[in-house]
Protein chains: 2
Amino acid sequence: MSRVVAERQDVITMLAEIFREHGYDGASLSLITEKTGLGKGSLYHFFPRGKEEMAEAVLGDIASWFQTNIFNRLRNSEPPAAAIDDMFASVDSYFRQGRRLCLMGVIATSGAHDRFSAELNRYFADWRTALAEAFGRQGIAEDERKALAEEVIGGIQGALILARSLGDPQAFGRVLTRLKARCTLSHN
Amino acid sequence: MSRVVAERQDVITMLAEIFREHGYDGASLSLITEKTGLGKGSLYHFFPRGKEEMAEAVLGDIASWFQTNIFNRLRNSEPPAAAIDDMFASVDSYFRQGRRLCLMGVIATSGAHDRFSAELNRYFADWRTALAEAFGRQGIAEDERKALAEEVIGGIQGALILARSLGDPQAFGRVLTRLKARCTLSHN
DNA sequence: CAAGGTCTGTACCGATCGGTAAACAATTTA
DNA sequence: TAAATTGTTTACCGATCGGTACAGACCTTG
């Protein structure tokens, strides 16, 4: 219905990229107004509590994307092996083959970490739960599930940092392939 | 010889912890003066180019610590399996069983990333080279070495983020144990 | 003890920070 | 069409930013 210039969702999408690229503290309001093309007035219209609310909105948006496209599919898709393959494909695409950082990781390693600890905790805990559950349906032992899920999710985060630091996005794909292999042939 | 109140090395050690905790952009000069107990005058005496030089000094200090205590031992210790075990023990201790972040990762995910890309690249590339070389002496195939090194180093980085985000430092140890197992029984 | 470097605290600089106020345009509703 | 709501611009606020200047304390030499 609304045909205004800027939808809140569009702003959130732009904010996500800005926070990803510059971090929470590095994303100043002047940088945000410049990159979004919106004045402070518009920004504070959408996010009355300012920068913190912007970040909350972005994190919430990301969390719900992962819920829909990753966690829920891990829970519902059959067979579980295909669900897990799907997860790796979605992750590779979402993180642009290693050229994009994970905003959750960016926030977790920033000074603003404390302010968003609830969101961070939920994101990683939900992912671990969903992945471990898929492992369970794959017949992996109870004890092994959570540990393997942590190895995989941590591995993804670390691979993003590695790819960026080495200036070699392909390193992300290489690690991803190995992690995937580790999931499918779960003999250990 | 010198018995001044604050040695440059002491300052660097404190700076490292401040940057780790608050990130590059989050570590303001007023926070630094507060945490170190040093006035701006002292800080700019040690680091005339200011904050950027402080970070360079810290990154250099960390790089040389890893060269000495991790990379060189990976290259020289025998047998290679013991060298790799040592690496995991040192890493676990250095990162305080998952309670401490890696400053290289912190910088890599911050907006200041570009300013320190050379240091980041060298750190991760050196680590990968040294670890892959140890794998070579262990008889791991040429093609496999680099890939396994990336999996392990990335896994360490990611485990730190995971541990912090979950508020569960022990997650770091759990992942570390699995990565170590993956190195020693390298049958694959 | 005098001199010169090594350190340190304080005051200050212009720029930018996150945030607020209010006038105004545009759109939707009555 | 009039009123109310929604969205945007602009100017401005006090606080803090990173950095500089400089006087003086401290320490080591001659």
Could you give the [atom1]-to-[atom2] distance, from [X] to [N], as a whole number of Å?
{"X": "B/Lys40", "N": "D/dG18", "atom1": "NZ", "atom2": "P", "result": "8 Å"}
{"X": "B/Arg49", "N": "D/dG18", "atom1": "CZ", "atom2": "C1'", "result": "14 Å"}
{"X": "A/Tyr44", "N": "C/dA22", "atom1": "OH", "atom2": "P", "result": "17 Å"}
{"X": "A/Leu43", "N": "D/dT6", "atom1": "CG", "atom2": "P", "result": "18 Å"}
{"X": "B/Glu53", "N": "D/dG18", "atom1": "CD", "atom2": "C1'", "result": "14 Å"}
{"X": "B/Glu7", "N": "C/dT8", "atom1": "CD", "atom2": "P", "result": "10 Å"}
{"X": "B/Glu34", "N": "C/dT8", "atom1": "CD", "atom2": "P", "result": "18 Å"}
{"X": "A/Leu29", "N": "D/dG14", "atom1": "CG", "atom2": "P", "result": "18 Å"}

So, the side chain of A/Ser165 versus the backbone of A/Leu162: is there a donor-acceptor pair under 3.5 Å, distance only?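 Not a single qualifying donor-acceptor pair exists.
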
Margin query: Closer than 3.5 angstrom, by distance alone: can the side chain of B/Asp168 be matched with the main-chain N or O of B/Ala163 as a donor-acceptor pair?
Written below: no

Q.
Regarding A/Gly41, tell me which of base, sugar-phosphate or nothing describes its non-hydrogen contacts under 4.0 Å with the strands shown.
A.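 The answer is base, as A/Gly41 lies within the cut-off (heavy atoms under 4.0 Å) of a base atom.
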
Pair listing, ring-ring contact (aromatic ring centres under 6.0 Å, His included) test, anchored in residues 96-117 of chain A, at least two apart: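 For residues 96-117 of chain A: A/Tyr24-A/Phe116.
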
Comparing B/Ser42 with A/Lys51, nearest DNA chain C nucleotide closer to 5' gives the residue B/Ser42

Note to self: Please pick, from C/dT8, D/dG18, C/dG18, the nucleotide with the shortest atom-to-atom distance to any side-chain atom of B/Phe46.
What the structure shows: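 Looking only at heavy atoms from C-beta outward on B/Phe46, the closest nucleotide is C/dT8.
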
Would you say [N] has OP1 or OP2 under 4.0 Å from some side-chain N or O of [X]?
{"X": "A/Ser30", "N": "C/dC17", "result": "yes"}
{"X": "A/Ser28", "N": "C/dC17", "result": "yes"}
{"X": "B/His45", "N": "C/dT8", "result": "no"}

- Is any side-chain heavy atom of B/Leu29 less than 4.5 Å from a side-chain heavy atom of B/Leu43?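 Counting from C-beta outward, B/Leu29 and B/Leu43 never come under 4.5 Å.
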
Query - pair B/Arg20-B/Arg100: side-chain heavy atoms closer than 4.5 Å - result: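 Yes, side chains in contact.
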
